[in-house]
2 protein chains.
Amino acid sequence: MTLTPDGRSGRTIRSVQIAFNIIETLQERDRIGVTELADELGHSKSTVHSHLQTLEERKIIVRDGDGYRLSLRILDMAADVRDQVGNYDVIQDEVEALAAETGEIAQFGLEEHGQVSYLYKATGERAVVTASQVGMQQPMYSTSLGKTILAYLPPERTEEIVRNTEFEQITSQTITGPEELYDELEEISERGYGIDDEENIEGLRCVAAPVRNEETILGAVSITGPSSRFTDDRIHDELPEYVTRAANVIELNTKFS
Amino acid sequence: MTLTPDGRSGRTIRSVQIAFNIIETLQERDRIGVTELADELGHSKSTVHSHLQTLEERKIIVRDGDGYRLSLRILDMAADVRDQVGNYDVIQDEVEALAAETGEIAQFGLEEHGQVSYLYKATGERAVVTASQVGMQQPMYSTSLGKTILAYLPPERTEEIVRNTEFEQITSQTITGPEELYDELEEISERGYGIDDEENIEGLRCVAAPVRNEETILGAVSITGPSSRFTDDRIHDELPEYVTRAANVIELNTKFS
DNA sequence: GTCGGATGTTCCCCTCTCCCGAACGAATTA
DNA sequence: TAATTCGTTCGGGAGAGGGGAACATCCGAC
């Protein structure tokens, strides 16, 4: 199937798909054996077995007790991924500083596959607890990070993403259609920051500022907090200043290769 | 081929191998295109292309400018991996505490594929700089972590690992054969901690203590420092106490499922 | 001790995948 | 506008890989 929105061919390799089905299953539930995996995925034991052998040889998975789990090599890969995306150290420092300053949740995210992926998350003293975590993906249209990034991506890329977006009403405030979204993107690029007013999680508001370089946008920085603390005043005055400053510092300190 | 040391069949899946060759190449050098990858790996462009499409659909990789890189989903996977291995929070706390106390490098490692993999690393105030990093793999026989783990693994597992080990003389002090290694393992299990006396890196000594539960060994904790500070006295007196205490705390706080 | 059930492993065969080569499009440069 | 590059698509033929069944191994139960 390969939902190729533009009708591209999208030829995909079956055995690789199977391999990643196995990996994803192992990600969710550790220490599974051949039989259980075979049942779960609807393949024969022999098939799963040779896949597991391949993955073990590649040191992606490891036997642990009876069953397999993902190996620590994933951590090594993760470290490389972090290094490949902009200047991770600066992002880390600034997001931490932002969280410390405001006491709230501060995050850095960027666009991948038409969604926001979180690269770093810091929690301040008074921060609320949320499910979001590093590596996680969220919709563009319901988050301050996503909308802010959309507002600054090249127009054709923004259109591509919006065109392939299925809008879901997550809260009562969620943007539910392209027109409404484009209006808001307009607003964001005018004032320079984006806002999520309980559009993704009931009771939570966010403010985000873009991190750009000469030609493109790298991602965005945001802070998240309860609506009680993110009042109408603060959300259009004090808070945008915080995130914009953090974004600027990251911009300045990011060296491009 | 699949070097199966015991002569097991080891049937392995070609297309999955290709997929991981691509992933590993992307890990080392980001932002590569189809043609370059095809050349590098010795495959046709069309082959590489369909692999890239598969990996992109699975959100393992992502287009970035012209070329691909690994996606942030790897970070999400990494988070799950950390959670699957014992009690990560406790390990983190204790290793950090150990580094702070001693001012040196403190690490937690465990055995995977007959090697030591680092799960966590903390650097103290005076810590030397080393190349080791989270997720990285090192030989068992040349590290304090590895030897300590070997000393406490089930004998048959230890034998299996040693049997499949090719000893390389890394420094002048490196253990170069099974007999010598088994002698040292004996010593370690008698005194309760392991030592690396410049066997892996010239000028560096380490001390490690095992982290065990009722039936098996989870991994080991170590501290690393220059031989000038890790004197003969300290390395057999003060330093073992530090690591052993940290190991014990982890043992006590690790809940088993 | 022995049986039954569950597991992981191996083998062989047949089909369908997937790798290649070549042609095509698109984009950039001269 | 031609020429070179890149990514993409297509069809075919070889061989890979998925399935099934038999084997091996380990367990607990009786």
Side-chain angles (χ1 to χ4, degrees), chain A residues 1-23 25-26 29-58 61-69 154 156-157 160 215-216, chain B residues 1-23 25-26 29-58 61-69 154 156-157 160 215-216:
Chain A
M1 50 154 301
T2 318
L3 57 118
T4 43
D6 309 338
R8 309 225 313 294
S9 86
R11 199 196 274 196
T12 209
I13 287 155
R14 205 165 103 92
S15 24
V16 177
Q17 297 278 16
I18 295 174
F20 279 103
N21 285 336
I22 291 176
I23 290 175
T25 310
L26 286 175
R29 322 184 8 222
D30 57 332
R31 266 146 265 217
I32 324 184
V34 179
T35 310
E36 201 176 345
L37 266 169
D39 288 348
E40 185 123 341
L41 300 174
H43 289 285
S44 71
K45 284 196 294 177
S46 55
T47 300
V48 173
H49 182 72
S50 32
H51 273 278
L52 288 173
Q53 253 181 344
T54 311
L55 295 174
E56 190 182 12
E57 192 202 301
R58 285 322 205 104
I61 64 174
V62 64
R63 295 200 105 93
D64 196 358
D66 38 24
Y68 291 88
R69 63 164 173 80
E156 63 275 12
R157 176 73 184 135
E160 188 188 353
E215 55 243 15
T216 178
Chain B
M1 49 152 305
T2 319
L3 57 117
T4 42
D6 309 340
R8 308 226 312 293
S9 85
R11 197 199 274 194
T12 210
I13 286 155
R14 207 166 102 92
S15 21
V16 177
Q17 299 278 14
I18 295 173
F20 280 103
N21 285 337
I22 291 176
I23 290 175
T25 310
L26 286 175
R29 321 185 8 221
D30 56 333
R31 266 147 265 219
I32 324 185
V34 179
T35 310
E36 200 176 345
L37 265 170
D39 287 349
E40 185 122 343
L41 300 174
H43 289 285
S44 71
K45 283 198 295 177
S46 53
T47 301
V48 173
H49 182 72
S50 34
H51 273 278
L52 288 174
Q53 252 181 344
T54 311
L55 294 174
E56 190 181 13
E57 191 203 302
R58 285 321 205 104
I61 65 174
V62 64
R63 294 200 106 93
D64 196 357
D66 38 24
Y68 292 88
R69 64 165 171 79
E156 61 275 12
R157 177 72 185 136
E160 189 188 352
E215 54 243 15
T216 179

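The chains referred to below are lettered A, B, ... by the order of the sequence lines, with proteins before strands, and numbering in each begins at 1.
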_Global bending angle along the helix from C:dG1-D:dC30 to C:dA30-D:dT1, which compares the axes of five pairs at either end, to 10 degrees_ = 40°
_Rounded at 0.5 Å granularity, tell me how far CD in B:Q17 sits from CG in A:L55._
9.0 Å
Using the 3.5 Å cut-off, write out each protein N or O paired with an N or O of nucleotides 28-30 of chain C and the distance between them.
none

*Would you mind building the protein contact string for nucleotides 17-27 of chain D? One character per nucleotide, 5' to 3', B for base within reach (heavy atoms under 4.0 Å), S for sugar-phosphate only, - for untouched.*
SBBB-------
_Qualifying residues under side chain to side chain donor-acceptor pair (under 3.5 Å), relative to B:R14, sequence neighbours excluded_ = none
*Just jot down the side chain to side chain donor-acceptor pair (under 3.5 Å) partners of B:S46, sequence neighbours excluded, or say none.*
B:S44
*Please give, in whole Å, the distance from C:dC19 C1' to B:L37 CG?*
16 Å
*Separation between CG of B:L26 and CZ of B:R31, rounded to the nearest 0.5 Å*: 10.5 Å
*Mind checking the CD1-CG spacing from A:I23 to A:L52? Nearest 0.5 Å is all I need.*
10.0 Å
_Atom-to-atom span, CZ of B:R63 to C1' of D:dG7 - whole angstrom_ = 8 Å
_Residues that A:D39 engages under side chain to side chain donor-acceptor pair (under 3.5 Å), provided they are two or more places apart_ = none
*Nearest-Å distance for atom pair CG/P, residues B:D39 and C:dG21*: 13 Å
*asked:* Side chains of B:V34 and B:K45, heavy atoms from C-beta outward: is any pair under 4.5 Å?
replied: yes
*Without swapping roles, check the side chain of A:T54 against the backbone of B:I13 for a donor-acceptor pair under 3.5 Å.*
yes
*asked:* Can you measure B:H49 atom NE2 to C:dC19 atom C1' for me and round it to whole angstrom units?
replied: 14 Å
*asked:* Working to the nearest 0.5 angstrom, can you tell me the gap between A:H49 NE2 and A:L37 CG?
replied: 12.5 Å
*Check the distance between C:dC18's P and B:Q53's CD and give it to me in whole angstrom.*
13 Å
*Atom CG of A:D64 to atom P of C:dG8: distance rounded to whole Å?*
14 Å
*With sequence neighbours left out, what residues match B:N21 under side chain to side chain donor-acceptor pair (under 3.5 Å)?*
A:R58
*Between C:dT7 atom P and A:Y68 atom OH, what is the distance in whole Å?*
15 Å
*In whole angstrom, give the distance that lies between atom CD of A:E36 and atom P of C:dT7.*
8 Å
*asked:* Going by side chain to side chain contact (heavy atoms under 4.5 Å, CB included), name the residues that satisfy it together with B:I18, two or more places apart in sequence or in a different chain.
replied: B:I22, B:H43, B:H51
